[in-house]
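The next block holds one structure in the form of structure tokens; read it before the comments.
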Amino acid sequence: MAVLIPGHVLSDRIVLKDGTIEVSEHIWESEKYVHFILKGTKAVEVRYAKEIVARVEKESPETPDDTKPLKKEGDVEIKTAFTGIRVPGKVPPFRNPESENESITKPPLENSPPVKSRVASKIQIDRSMIAKNRNTSFYDPRRPKRYWAFHNSHHTTLKGALQAMAKLYGKPAEWVEANMGEENDLGIIHSRLMAAYDSDADQMNQSDEAPASAATVFHDARRPLAFQTNEKRFFRTRDEALADLSEQYGQPVAWISVHMGKTNLLRDIHENLAKAVKALSEKPMVVKGNTNWKPLNIPDDIHFYDPRRERRYWATPGHRFNTYQEATAALARQYGVPVKWIEAHMGDTNRLNEMHENIRNSLSGQ
């Protein structure tokens, strides 16, 4: 008789034609790719061309794995990339011989005081790290060591790669995971980490000059939930915090990121956003009937969305973004109208020149 373990999260599998198997709790397909969130992370997306995928296997909650005998009390089944199931039990610590060179960090003792570190002010970051790692994958299952922290730092486990990055930036591994973003390109990942590192360094400089009772800050890596949007709302990642501010102010996340300013003081961030919202409401709309448009000069084969591009959404050939929200916000700024108006008048086309023509025709009253 099979036993379905309480709390077990269903994991689907991608089976490649070369025999490689990937397990993820979130798998989806687009026209040419099979996408999945890398196991062990919250948002790192990896994709495979459908030509190399043999099949996608869905795990059913009504069909548990009954091919293995039940374990006796005290036994344990080690969690693997294939089962994703852990049964409670007492066993000696497991150590992977392939990862002996990777450090193992012991968790802090419960109730131990937080460590206040000023490491960020002493570490010299190699700013060429972005260029050195561009077009290199953070994760690739076809490599002997799948996870690369940088071009010359290779690891068999996600934990090992995160710890290597953490050592480079003088931060906890949790900080790396929270700030690395959703891309699989190492160059992009390090560009995001350096931006977060610089922001933290500015915050530390401010806190060194301020009294202990300084105002609440938006980001503090020493908090369990590092990002805060008000007195009672805390979040693990910057993206989650920006999404909350976006809901509060009724503006896209990209707009929030631009108008919150470079300060880390939460009071100043809210002041900046409130002023920007007020200015936006006072900004005159584009008057219908305007036909004095600059020529588009956009080729017919340029699409608004293309998953094969590094930045998938283009508002114009020169304005490229990672998300739909950022691209529509850019179009709204270009034409001086709200984002919702753009979404209602951009039309059903994916051709960028036709999309601009639809918007202009609507503004011209045609």
Side-chain angles (χ1 to χ4, degrees), residues 178-179 181-182 191-223 225-288 290 294 311 313-316 318-346 359 362-363:
N179 291 283
E182 302 177 1
S191 69
R192 291 180 179 274
L193 292 177
M194 286 185 191
Y197 174 87
D198 290 339
S199 176
D200 287 356
D202 291 342
Q203 171 196 334
M204 285 190 174
N205 290 336
Q206 292 174 4
S207 63
D208 284 340
E209 298 170 0
S213 58
T216 304
V217 294
F218 172 66
H219 176 252
D220 186 344
R222 295 166 294 183
R223 294 189 301 231
L225 297 175
F227 295 88
Q228 181 176 0
T229 59
N230 61 35
E231 292 181 357
K232 298 182 179 180
R233 296 185 66 80
F234 296 83
F235 300 90
R236 189 177 69 85
T237 68
R238 184 174 187 271
D239 289 343
E240 291 172 345
L242 291 182
D244 184 66
L245 291 171
S246 172
E247 185 175 350
Q248 290 184 42
Y249 287 93
Q251 298 296 331
V253 170
W255 186 94
I256 295 292
S257 182
V258 169
H259 292 88
M260 64 192 294
K262 295 183 178 180
T263 179
N264 193 44
L265 294 176
L266 194 55
R267 177 193 61 224
D268 293 346
I269 288 174
H270 280 286
E271 287 181 358
N272 292 339
L273 293 175
K275 289 179 181 178
V277 167
K278 182 180 179 181
L280 189 63
S281 64
E282 296 172 350
K283 181 179 180 180
M285 298 283 289
V286 174
V287 179
K288 283 192 174 184
N290 180 17
K294 294 182 180 179
R311 294 192 174 184
Y313 296 89
W314 290 14
T316 71
H319 295 81
R320 308 172 181 183
F321 303 94
N322 293 321
T323 67
Y324 169 84
Q325 290 80 2
E326 291 173 320
T328 52
L331 288 170
R333 290 193 298 271
Q334 179 177 348
Y335 288 102
V337 295
V339 171
K340 290 184 178 179
W341 189 97
I342 290 291
E343 293 176 334
H345 294 85
M346 62 198 296
I359 294 171
S362 296
L363 288 171

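Nearest heavy-atom pair across Ala178 and Arg236 is CB-O, 3.8 Å. The shortest non-hydrogen separation linking Ala327 to Ala315 is O-CB, 3.8 Å. Here the shortest heavy-atom pairing between Thr229 and His270 reads O-NE2, 2.7 Å. Taking all atoms of both residues into account, the shortest heavy-atom contact from Glu231 to Gln228 is CA-NE2, 3.7 Å. Between Arg238 and Ser257, the shortest heavy-atom distance links the atoms NH2-OG, 3.7 Å.
Inter-residue side-chain proximity for Phe321 and Arg311 is flagged as unmet; no heavy-atom pair is nearer than 4.5 Å. Residues Leu242 and Met260 meet the side-chain proximity criterion, which asks for heavy atoms closer than 4.5 Å. Residues Thr316 and Gln334 form a side-chain contact, since some pair of their non-hydrogen atoms from C-beta on lies under 4.5 Å apart. Residues Val217 and Leu266 have side chains not in contact (no heavy-atom distance under 4.5 Å, counting atoms from C-beta outward). Looking at heavy atoms from C-beta onward, Leu363 lies in side-chain contact with Val337 at the 4.5 angstrom threshold. Between Arg222 and Asp220 there is a side-chain heavy-atom pair separated by less than 4.5 Å.
To the nearest 0.5 Å, the span separating CD1 on Ile269 from OG1 on Thr263 amounts to 6.0 Å. To the nearest 0.5 Å, the span separating CZ on Arg233 from CG on Asp244 amounts to 4.0 Å. Rounded to the nearest 0.5 angstrom, His259 NE2 and Leu245 CG are separated by 14.0 Å. Taken from CD in Gln325 to OH in Tyr313, the straight-line distance is 7.5 Å, to the nearest 0.5 Å. Taken from CG in Asn272 to NZ in Lys262, the straight-line distance is 12.5 Å, to the nearest 0.5 Å.
Residue Glu247 qualifies as open at atom CD: its count of foreign heavy atoms under 6.0 Å is 12 or below.
Of the possible donor and acceptor atoms, one in the side chain of Asn264 sits under 3.5 Å from a partner among the backbone N and O of His219.
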Report task. Determine, step by step, whether Asn230 and Gln248 satisfy the side-chain contact (heavy atoms from CB on, under 4.5 Å) criterion, reporting the C-alpha distance in whole Å, the side-chain angles of both residues, the deciding distance to 0.1 Å, and the verdict. Result -> CA-CA 11 Å; Asn230 61 35; Gln248 290 184 42; 4.2 Å; yes

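Between Phe227 and Phe218, the two ring planes are perpendicular [angle over 60°; tilted spans 30° to 60°].
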